[in-house]
Amino acid sequence: MKTLIIYTSQTGFTKRYAEWLADRTGGDLLDLKAAQKKSADYFKGYDAICYGGWLMAGNVVKAKWFFEKASDWKNKRLAMFCVGGSPNDNPDVDTFLQNVLSEEQKSYIKVFYCQGGFNYEKMKAPSRLAMKMFVSTLKNKKDATEKERGMAEKMSSSYDISDIKYIEPIVAHLKGA
Ligand SMILES: Cc1cc2nc3c(=O)[nH]c(=O)nc-3n(C[C@H](O)[C@H](O)[C@H](O)COP(=O)(O)O)c2cc1C
């Protein structure tokens, strides 16, 4: 079973998950920029392809690229993993997982979520600014719920809640379990 893991990552969490996945599956690892330069023939030799992107305002970064390619890869085992700052047990994660794929895409792509974290030191300036604004809006919201206040507090500084255990269901899917 030949496996390919493609990822895009700004601050390193998605990259780390992609590396863990490549290691566990014995697969090849490719940054999205490198993958975009490959011809269609390059992907023909792979039985399983997995795309990983981080979550930005509820969207998976560059998922559109993967979805377009995936429509030609329906004979392969396909997975997409998404990495965000929310913990796996956040109910918003379930809603997101249910809505990220169309009914048709669900028949050939399986989607997973892996909790990552925030790394303000590695974030590019526009991302850092967007997050600072989001956190300050949440902090100043008059009728903020307990949950929102907790979120704002947590997101105001860097944290790492990533864990290799979250790759297990993805590995099982890619291996055909
Ligand atoms: C502008 C911006 C928007 C974000 N939106 C979300 C979001 O909607 N949901 C979420 O769980 N995390 C969100 N995050 C957090 C990132 O997805 C998280 O930091 C992730 O671990 C980054 O992955 P990376 O290290 O591979 O770049 C956002 C981060 C930034 C900078």
Side-chain angles (χ1 to χ4, degrees), residues 3-25 27-36 49-67 69 79-102 105 109-141 144-171 174:
T3 304
L4 176 65
I5 315 290
I6 303 166
Y7 70 92
T8 185
S9 179
Q10 179 178 225
T11 67
F13 291 102
T14 315
K15 183 176 184 202
R16 192 192 299 154
Y17 276 113
E19 287 168 349
W20 282 334
L21 279 165
D23 204 41
R24 268 299 298 281
T25 58
D28 294 333
L29 184 66
L30 214 53
D31 173 71
L32 176 66
K33 287 215 167 82
Q36 284 171 325
I49 299 184
C50 176
Y51 175 72
W54 57 284
L55 267 180
M56 184 162 68
N59 294 303
V60 184
V61 173
K62 302 284 183 192
K64 196 167 167 266
W65 176 85
F66 177 64
F67 291 154
K69 293 281 180 197
M80 179 170 85
F81 72 96
C82 323
V83 179
S86 311
N88 266 59
D89 60 6
N90 183 327
D92 296 343
V93 168
D94 272 341
T95 314
F96 159 78
L97 287 173
Q98 274 161 34
N99 296 317
V100 66
L101 300 178
S102 69
Q105 286 167 333
I109 304 172
K110 199 153 161 63
V111 66
F112 300 88
Y113 179 81
C114 302
Q115 60 186 50
F118 275 95
N119 187 324
Y120 284 98
E121 291 72 35
K122 290 189 185 163
M123 230 176 248
K124 287 185 182 148
S127 289
R128 200 179 306 126
L129 185 66
M131 283 313 302
K132 291 282 172 208
M133 280 169 65
F134 181 68
V135 169
S136 97
T137 309
L138 215 52
K139 276 188 172 163
N140 294 325
K141 200 174 156 193
T145 61
E146 196 64 35
K147 188 184 152 200
E148 286 173 326
R149 260 196 293 273
M151 251 171 68
E153 201 49 55
K154 177 114 184 140
M155 286 191 304
S156 52
S157 50
S158 298
Y159 63 86
D160 181 351
I161 50 171
S162 64
D163 193 307
I164 196 166
K165 72 180 181 194
Y166 296 111
I167 71 166
E168 292 309 329
I170 313 174
V171 172
L174 293 171

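The shown structure was predicted, so the numbers you read here are calculated from the model rather than taken from an experiment. Start at 1 and go down the list; that is how both ligands and their atoms are numbered.
- Of the protein's heavy atoms, Thr11 OG1, 2.4 Å lies nearest to atom 25 (O) of ligand 1.
- Of the N or O atoms in Gly12, one or more lie within a sub-3.5 Å distance of an N or O in ligand 1.
- Distances below 4.0 Å separate heavy atoms of Gln10 from the following atoms of ligand 1: 24 (P), 26 (O), 27 (O).
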Handout entry: Test log, rule side-chain contact (heavy atoms from CB on, under 4.5 Å), inputs Cys50 and Phe112
Key = CA-CA 10 Å; Cys50 176; Phe112 300 88; over 6 Å; no
Exercise for the section: Take Trp65 and Thr8 through the test side-chain contact (heavy atoms from CB on, under 4.5 Å) and record every step on the way to the result. Expected result: CA-CA 11 Å; Trp65 176 85; Thr8 185; over 6 Å; no
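- Taking atom 12 (N) of ligand 1 as the reference point, the nearest protein heavy-atom neighbour is Gly85 N, 3.0 Å.
- Summarising the contacts of atom 20 (C) of ligand 1 with Gly53, Ser9, Gly117, the nearest heavy atom is found in Gly117.
- Between Asp28 and Ile5, every side-chain heavy-atom pair lies at or beyond the 4.5 Å cut-off.
- Taking the six-membered ring where tryptophan is involved, the planes of Tyr113 and Phe96 are perpendicular, since the angle between them exceeds 60° and thus also 30°.
- Heavy-atom contacts of Val83 reach the following atoms of ligand 1: 17 (O), 20 (C), 21 (O) (cutoff under 4.0 Å).
- At the shortest separation from atom 13 (C) of ligand 1 among protein heavy atoms lies Leu55 O, 3.2 Å.
- Between Val100 and Met80, some side-chain heavy-atom pair lies under the 4.5 Å cut-off.
- The distance from atom CE of Met155 to atom OH of Tyr120, rounded to the nearest 0.5 Å, is 6.5 Å.
- Taking every heavy atom of Met131 and a limit of under 4.0 angstrom, the matching atoms of ligand 1 come to 2 (C), 29 (C), 30 (C), 31 (C).
- Contact analysis puts Tyr113 in contact with ligand 1, with a non-hydrogen atom separation below 4.0 angstrom.
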Practice task
Could you go through the side-chain contact (heavy atoms from CB on, under 4.5 Å) check for Arg149 and Lys141 one step at a time?
Solution key: CA-CA 9 Å; Arg149 260 196 293 273; Lys141 200 174 156 193; over 6 Å; no
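- Those atoms of ligand 1 with a heavy atom of Thr14 less than 4.0 angstrom away are 23 (O), 24 (P), 26 (O).
- Taking every heavy atom of Gly58 and a limit of under 4.0 angstrom, the matching atoms of ligand 1 come to 7 (C), 8 (O).
- Considering only heavy atoms from C-beta on, Arg16 comes within 4.5 Å of Asp160 through its side chain.
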Practice task
Carefully, step by step, assess Phe67 and Ile109 under the rule side-chain contact (heavy atoms from CB on, under 4.5 Å).
Solution key: CA-CA 9 Å; Phe67 291 154; Ile109 304 172; 4.0 Å; yes
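- Within the cation-pi definition used here (under 6.0 Å to the ring centroid, within 45° of the axis), Lys154 does not qualify as a partner of Phe118.
- Each of the atoms 10 (C), 11 (O), 12 (N), 17 (O), 18 (C) of ligand 1 lies under 4.0 Å from some heavy atom of Gly84.
- Looking only at protein heavy atoms, the nearest one to atom 11 (O) of ligand 1 is Ser86 OG, 2.9 Å.
- Comparing heavy-atom distances from atom 15 (C) of ligand 1 across Phe96, Phe118, Trp54 singles out Phe118 as nearest.
- Applying the 4.0 Å criterion to heavy atoms of Ala57 picks out, from ligand 1, the atoms 3 (C), 4 (C), 5 (N), 6 (C), 7 (C), 8 (O).
- On a distance-only criterion, Thr8 and ligand 1 share no N/O pair closer than 3.5 Å.
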